[in-house]
Every structure is written in structure tokens, then in C-alpha cells.
Amino acid sequence: MKNAIHDLISKLDLKPHPEGGFFKETYRSKGVIDESHLGASYTGKRNYSTCIYFLLTSDNFSAFHRIKQDEIWHFYDGSPIDLHVISESGVYHKHVIGIDIKNGEVPQFVVPGGSWFAAEAINQNAYALIGCTVSPGFSFEDFELKSRDDLISLFPDHKEIISRLTHF
């Protein structure tokens, strides 16, 4: 399995992502949205849309983080993933992203902007190749990664999952 993962990383030219896993931006629209047409929480322009490849392995996870925009997760290959979402009001849901639709998996899921979310491959010794589409387009200015303690202070009822899926 390690060789297959290294091959994917190499062939897709993936780089480590700050939240965990590996990624490569594959699309950034040429069109942009002027700051005056975005919500008050945005500074600067944003592209209409962006898309990335995102690779998780059973040895890593995508730590709890949030962005301002909605983010669409698309399943491509490998292990299904558990996508953990905590809404701004503190409601927790787990969604299984994969292709086994008969057993409740979905091949696509939208994480609402402002939600905290984390992801992990379900199967051991496996990888999950996912795509993520963001609109308005992703900017690291819109990315927030809090510490374990900060998230637990915001959502004490979800201490167990936050402790497991944060890096620091």
C-alpha cells in the first residue's frame, strides 16, 4: 500500500497540507469576484471557484479546521472517509463519503461555510483520494486551524472527537 500511496503523491504532484494529508490545486477560475460583492467577512477578491486533489491515508487525518466558504467533497478512489462536521452552533454530525451508496455512503457532500470539519480514512492500510471544490475560491486568508484546547473550549461536548482529530 505504501508504494501505491507514494505513486499517487508523485503522479499527482501532491504536497503536504497544513491540516494533514496531501493536496494539489487543480483548478482556479480566471474570473474573480470583487470584494464589494462578497460578504463583510472577506477582504480582497476571490476567484469564482477552486478545486484540489486531496489524499488522506490511514496514517494521517485532516485536522479540524474551517473556511468561510462552502466546500464540496467528491470521492474518487480508495477507502471511504468519515467526515466529521461541527456546525457553528455546536451540532455534530458524521458523514461517510464513498461509493457504497446502498450502505449509506455518499459520493459527494457539501460542508457549509463556517463549520468546523475533519476527515479520516475508514480502512486500515489504505488511502482515500478525494476532490474538494470551494466557491467563492479558496484563499488561505479564509482558513482557520485552532488548537485542540481552543476547540474544546468552544465545543466541550465534542472533546473526544476533537482530541483525536487535532494536531496540537
With the side chain counted from C-beta on, respond yes when [X] and [Y] share a heavy-atom pair under 4.5 Å apart, and no when they do not.
X      : Y      : value
Leu151 : Ile86  : no
Phe54  : Glu19  : yes
Pro80  : Asp100 : no
Phe138 : Cys132 : no
Leu12  : Lys24  : no
Lys146 : Trp116 : yes
Tyr27  : Thr133 : no
Phe64  : Arg148 : no

Any side-chain donor paired with an acceptor under 3.5 Å for [X] and [Y]?
X      : Y      : answer
Asp149 : Ser147 : no
Glu141 : Thr43  : yes
Gln124 : Ser58  : no

Can a donor-acceptor pair be found, under 3.5 Å and without considering hydrogens, that links the side chain of [X] to the backbone of [Y]?
X      : Y      : result
Ser49  : Ser135 : no
Ser10  : His6   : no
Ser153 : Asp150 : yes
Asp142 : Ile67  : no
Ser79  : Ala126 : no
Asp70  : Gly113 : yes

Using a 6.0 Å cut-off, check whether atom CD1 of Ile99 has over 12 heavy atoms from anything other than its own residue. no

When the ring planes of Phe140 and His17 are compared, do they come out parallel, tilted or perpendicular, using 30° and 60° as the limits? tilted

Would you call the rings of His158 and Phe155 parallel, tilted or perpendicular, taking 30° and 60° as the class edges? tilted

Is there a path of hydrophobic side-chain contacts, each under 4.5 Å between heavy atoms, that joins [X] and [Y]?
X      : Y      : result
Tyr76  : Ile81  : no
Val106 : Val96  : no
Leu8   : Tyr53  : yes
Leu56  : Val111 : yes
Leu165 : Phe22  : no

Salt-bridge present (Glu120, Lys94; N to O < 4.0 Å): no

Distance flag, aromatic centroids of Phe117 and His65, threshold under 6.0 Å: yes

Per side-chain hydrogen bond (donor to acceptor under 3.5 Å, both in side chains), Lys2 is matched among Asp59, Asn125, Thr57 by Asp59

Applying side chain to side chain contact (heavy atoms under 4.5 Å, CB included), run through Asp77 and Tyr127 and close with a yes or a no. CA-CA 8 Å; Asp77 191 31; Tyr127 67 86; 2.6 Å; yes

